[in-house]
Amino acid sequence: MSEINKRVGFKIRECRAKYGWSQEQLALEADLHRAYVGQIERGEKNIGLKNLEKIAKALDIPTEYLVKK
């Protein structure tokens with residue numbers, strides 16, 4: 001696992017928790033598969049820019065927030 005994958009996954013999980021959403025709810029809001037969201041949050045998958053943008057929009061946060069150190 002790369003450091004950026006872990007960092008992005010952690011930030012997504014943190015933001016999702018602020019909404020009180022499950023991974024399934026985030027997946028529905030972002031039009032992604034629940035298992036894929038889980039893999040991203042655990043840092044197991046490289047997330048594409050299009051999907052990163054979908055998640056950021058669903059969480060109402062700037063996309064760049066998810067990749068900043």
Side-chain angles (χ1 to χ4, degrees):
M1 284 187 269
S2 75
E3 187 59 37
I4 192 166
N5 287 359
K6 288 187 230 177
R7 185 172 62 246
V8 169
F10 177 81
K11 286 184 175 184
I12 290 171
R13 181 179 297 147
E14 183 179 61
C15 293
R16 176 180 60 78
K18 287 179 184 176
Y19 275 89
W21 287 353
S22 64
Q23 288 178 348
E24 185 172 8
Q25 182 63 40
L26 175 55
L28 286 170
E29 297 290 334
D31 193 31
L32 299 169
H33 193 278
R34 185 208 52 81
Y36 180 63
V37 170
Q39 292 169 326
I40 292 167
E41 286 188 358
R42 292 188 299 275
E44 297 171 354
K45 284 278 188 185
N46 285 322
I47 185 170
L49 293 175
K50 195 179 223 181
N51 291 336
L52 186 68
E53 185 178 55
K54 284 181 170 185
I55 289 174
K57 282 183 180 180
L59 294 170
D60 195 30
I61 56 172
T63 306
E64 55 271 11
Y65 170 78
L66 296 174
V67 294
K68 284 196 312 188
K69 281 191 176 185

Report task. Examine Y65 and I4 and state if one hydrophobic cluster contains both, with Ile, Leu, Val, Met, Phe, Trp and Tyr joined whenever side-chain heavy atoms are less than 4.5 Å apart. Result -> yes

Query raised in the report: So which heavy atom on K54 is nearest to which on L32, and how close?
Result: CD-CD2, 4.1 Å

Query raised in the report: Looking at CD of E29 and CD1 of I55, how far apart are the two atoms once the value is rounded to the nearest 0.5 Å?
Result: 12.0 Å

Query raised in the report: Got a sec: does the CD of E24 have more than 12 other heavy atoms crowding it under 6.0 Å?
Result: no

**Report entry** From CZ (R34) to CD (Q39), nearest 0.5 Å
**Finding:** 9.0 Å

Query raised in the report: Just wondering, more than 12 heavy atoms not from Y19 lying within 6.0 Å of its OH?
Result: yes

Report summary line: Closest non-hydrogen atoms of S22 and R16, given as atom of the first, atom of the second and distance, are O-CD, 3.5 Å

Requested in this report: Enter the distance from I61:CD1 to C15:SG here, rounded to the nearest 0.5 Å.
Outcome: 4.0 Å

Report summary line: Correct closest heavy-atom pair for K11 and L66 would be CD-O, 3.8 Å

Query - Nearest non-hydrogen partners of E41 and I12, listed with the distance - result: OE2-CG2, 3.8 Å

Query - Contact check, side chains of W21 and L28, non-hydrogen atoms, under 4.5 Å - result: no

Query raised in the report: Of all heavy-atom pairs between A56 and P62, which one has the smallest distance, and what is that distance?
Result: CB-C, 4.3 Å

Query raised in the report: Which heavy atom of A27 sits nearest a heavy atom of H33, and at what distance?
Result: CB-C, 3.8 Å

